[in-house]
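The structure under discussion appears below in the form of structure tokens.
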Amino acid sequence: MSRRWWLSLFALVLLLAGCNLRPGELAMRQAITDHVATAEDYPMQFMKSDNFRFRDLQQVPDDERDLWRVHAEFDFVYTADGKTIVAALKEKSKAEQEKAKRRADTALEKLALAAAAALSRHGTEQRFETVKIGDKDSYAGDFTLVRNEGGGWRVDDADYQ
């Protein structure tokens, strides 16, 4: 092949490298799953995100960042029953409470930590105790994705229910 052909190919590669490429479906799924799971305090070891539907992917004008906005609908599906989830979360909470007790200096701090842990456990039990394997929590909303320095994607802004 001629030198001119190789130079043209090289120029095309440089041009494409400078373009803002949109996030792929897998990247959008992962970024949205991570964001919502963290925001809603889901125990992801007992759940999976599923049934993603995307629409209206549009680049958002910004002076420096590579931003894309998309509407997404998806489900979090439980992969364990409520008793299993509650037992694991109680164990995790107990370990965290023990660690915090060792760090506390006064009896009053230890008492406050115990009260806070009891309230937290009660809320967790109520939230997950009736869950069955295969139950779903459905979400829909708009998510703005931004490119990380490493080339991955994360949610920068979200409006969902």
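Positions are given from 1, in the same order as the sequence printed here. The model shown is predicted, which means the values in this text are computed figures rather than measured ones.
Side chains of Glu40 and Tyr160: a donor-acceptor N/O pair is present below 3.5 angstrom, by distance only. Inspection of the His71 and Asp56 side chains reveals no N or O donor paired with an N or O acceptor under 3.5 Å.
Within the 4.5 Å cutoff, no side-chain heavy atoms of Met47 are placed close to those of Ile85. Leu145 is not listed as a side-chain neighbour of Arg154, based on a closest heavy-atom distance of 4.5 Å or more. Side-chain contact check for Gln59 versus Leu67: every heavy-atom pair is 4.5 Å or farther apart. Taking 4.5 Å as the limit, some side-chain heavy atom of Leu89 sits within range of a side-chain heavy atom of Pro43. Side-chain contact check for Val146 versus Asp66: every heavy-atom pair is 4.5 Å or farther apart. Residues Thr144 and Arg69 have side chains in contact (heavy-atom distance under 4.5 Å, counting atoms from C-beta outward). Contact of the Leu57 side chain with the Arg22 side chain is registered, since non-hydrogen atoms from C-beta on lie closer than 4.5 Å. Within the 4.5 Å cutoff, the side chain of Ile32 has heavy atoms near those of the Phe74 side chain.
Between Asp156 and Arg65, at least one side-chain N (NZ, or NE/NH1/NH2) sits under 4.0 Å from a carboxylate O, which counts as a salt bridge. Looking at Glu25 and Arg29, a side-chain N of the basic residue comes within less than 4.0 Å of a carboxylate O on the acidic one, giving a salt bridge.
Under a hydrophobic clustering in which Ile, Leu, Val, Met, Phe, Trp and Tyr are joined whenever their side-chain heavy atoms come within less than 4.5 Å, directly or via other members, Val77 and Tyr139 fall into different clusters.
Across Ala80 and Val131, no two heavy atoms sit closer than the pair O-CG1, 3.9 Å. In terms of heavy-atom proximity, Phe143 sits nearest to Val155 at CD2-CG1, 4.2 Å. The heavy-atom pair separating Glu129 from Gln126 by the smallest distance is OE2-CA, 4.0 Å. Of all heavy-atom pairs spanning Val70 and Arg55, the tightest one is CG2-O, 3.5 Å. Minimum heavy-atom separation, Val36 to Tyr42: O-CD1, 4.3 Å.
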What verdict does the side chain to side chain contact (heavy atoms under 4.5 Å, CB included) test give for Phe46 and Phe128, after you've listed the backbone C-alpha separation in whole Å, the side-chain angles of each residue and the deciding distance to 0.1 Å? CA-CA 11 Å; Phe46 303 110; Phe128 297 114; over 6 Å; no

Test side chain to side chain contact (heavy atoms under 4.5 Å, CB included) on Thr79 and Ile133; report intermediate values, then the result. CA-CA 5 Å; Thr79 59; Ile133 295 173; 5.7 Å; no

Please lay out, stage by stage, how Asp81 and Lys132 fare under the test side chain to side chain contact (heavy atoms under 4.5 Å, CB included). CA-CA 4 Å; Asp81 65 0; Lys132 295 176 183 58; 5.7 Å; no

Please step through side chain to side chain contact (heavy atoms under 4.5 Å, CB included) for the pair Arg147 and Leu21, ending with a clear verdict. CA-CA 10 Å; Arg147 186 181 296 277; Leu21 299 177; 4.2 Å; yes

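Of the possible polar contacts, one joining the Arg53 side chain to the Asn51 backbone as a donor-acceptor pair under 3.5 Å is found. Formation of a donor-acceptor pair under 3.5 Å by the Asn148 side chain with backbone atoms of Gly151 is not found in this model. Checked by atom type and distance alone, the side chain of Asp34 never pairs as donor or acceptor with a backbone atom of Ala31 at under 3.5 Å.
Separation of the Phe76 and Tyr78 ring centroids does not fall under the 6.0 Å cut-off.
Taking CG of Asp135 as the reference point, atom OG1 of Thr130 lies at 7.5 Å (rounded to 0.5 Å). Taken to the nearest 0.5 Å, the NZ atom of Lys136 stands 12.5 Å off from the OG atom of Ser49.
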